[in-house]
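Inspection log for the structure reproduced underneath, given as structure tokens.
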Amino acid sequence: MRGVRISLKRRRGLRNAGAAILVLGLTCGLAGAAGAWPDRLDGHGGPVRGIAVSEDRSELLSASFDYAIIHRSLTAGNSPILHRLFGHEAAVNDVEFVPGRPLAVSASDDGSVGVWDLDEGTLVTRFRDTGDKILDVTVSDDGAVAASAGWDHTARVYDLETMSERAVMRGHDGNVNTVALAGEGNILYSGSYDGTVRQWNARSGEQLRIILKHGWGVNIVRVLPDETHLLFGAVDGASGIVDIASGEVVADFEAFGGPVLAAAIDTDHGLAAVGSANGHLRVYRLGDWTLLNDYSTAYGPIWSVDFAPDGTAVYRAGLDDFVSLVSLEPGAPLDVAETDFPRRFQLTDDMDTGERQFARKCSVCHTLTPDDANRAGPTLYGVFGRRVGTLPDYPYSDALKNSDIIWSEETISRLFDHGPDVVLPGTKMPVQRLKDAEERAALVAFLKRATSGEMGND
Ligand code: HEC
């Protein structure tokens, strides 16, 4: 096949690994063009952190910095939105389908794991054990068990029948970044900032073994279909395949120039995709680990990937407010979708101090126009004179709904002098303060100008 490049460092055991790992697809599925689905899936109001395609490949979930999850159909031509799932109180980092059941599980910076009813588009429950970020979730193949990776140095396992916490894995010396389940939900693998991959009894929480001592923080662990090998990815750009029994790295992928952040496996078509913080996306063939595609983008990190239904394309997510579909045909570009990134984060010389403060510290979550563009926070259009928490279409926290502040120069200044957590305890606005009185005054003056509707600014 043209365009195929082999870039594995040959290591002892590679041949055996190739033989041992099941190659389930008969072809690698690169023949067809990706034409059945839109190039980009819009709808989020912030960078997209996690994506998942359902087991039957008919639906997609995306989790965003905008605090929301979008559930959409992949069977109709335009991949329409079925539900927007609201209930997290901070960025949502990951989301997964529960095989065989109309449920999804999510992980958020708000420290909780959410369980969602995908028929109704509602929150079923939230497990909130820690105040620390939760970065990753995974669900067992039978849909009975979920697990999460937390920055409180633990991994946790939940029973999705009883909707209760089943076990807590304690032993890592750092943030846990990634989890994977095997053995019908009885075995858990975890990867941590402490540089190790560990194996646990997912019923008791007991640590069984340290599988890999990589030395650098591990961001990604995935169990391969035969459950005898793991795919891992790390902060130093390393990734590869580990034999679970021996702990040996049997395939060592060419180093990425930045931390590895994303990976997906398509057993139907025998493919694996790996993405990095410096915008590289590579697709390998399962089993012999031939590198099939190697893309790069200038538009920032690849935070998440998953395969399109027919294995001829991958969905990828990063700093854009949308998910892009990338064709796996040789020579196809990675940046297929039109994007105006990074305009929203761009600072220009003609901005005054207040506008600069807003661009840096507020614009990722708030617009200044009537349309809130699905960002995490309500639009600040017309905010002066408005009572807190009163825009009809925005899902405010009780903290805002139950307060009687009227927004004015003085009250907005106070909000960032003392911090939202002090002025409105329980708010889902992040803890932030602008201690410099001059900068605060400039921000408020800019807001006063820009939210009156006189400027066409967002
Ligand atoms: C990471 C996202 C995020 C950032 C950054 C952020 N906010 Fe917010 N903001 C929110 C959310 C979410 C709410 C709603 C809070 C709630 O319901 O608890 C909110 C609410 C508000 C409100 C109350 C609006 C109303 O309708 O009552 C104001 C005013 C506000 N933010 C101003 C700002 C300003 C000014 C900045 C920049 C200095 C800023 N925010 C930065 C997320 C953010």
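As the structure lists them, so they are numbered: ligands from 1, and atoms in each ligand from 1.
Annotation: side chain to side chain contact (heavy atoms under 4.5 Å, CB included) contacts of Asn201 (sequence neighbours excluded): Arg203, Ser204, Glu206, Leu208.
No donor-acceptor pair closer than 3.5 Å links the side chain of Thr178 to the backbone N or O of Gly191.
A cation-pi arrangement is present between Arg40 and Phe322, with the terminal nitrogen or guanidinium carbon under 6.0 Å from the aromatic centre and inside a 45° cone about the axis. Taking the ring axis of Tyr158 as reference, the NZ or CZ atom of Arg166 does not stay both within 45° of it and closer than 6.0 Å to the ring centre.
Annotation for Phe65: atom CZ does not count as buried by contact number, only 12 or fewer foreign heavy atoms lying within 6.0 Å.
Protein residues lining ligand 1, listed by chain and number: Tyr67, Lys361, Cys362, Cys365, His366, Ala376, Gly377, Pro378, Leu380, Arg386, Val388, Gly389, Tyr394, Tyr396, Ser397, Leu400, Trp407, Phe416, Thr427, Lys428, Met429, Pro430, Gln432, Leu443, Leu447 [non-hydrogen atoms, distance under 4.0 Å].
Defined by atom type and a distance below 3.5 Å, a donor-acceptor pair is missing between the side-chain atoms of His418 and Arg433.
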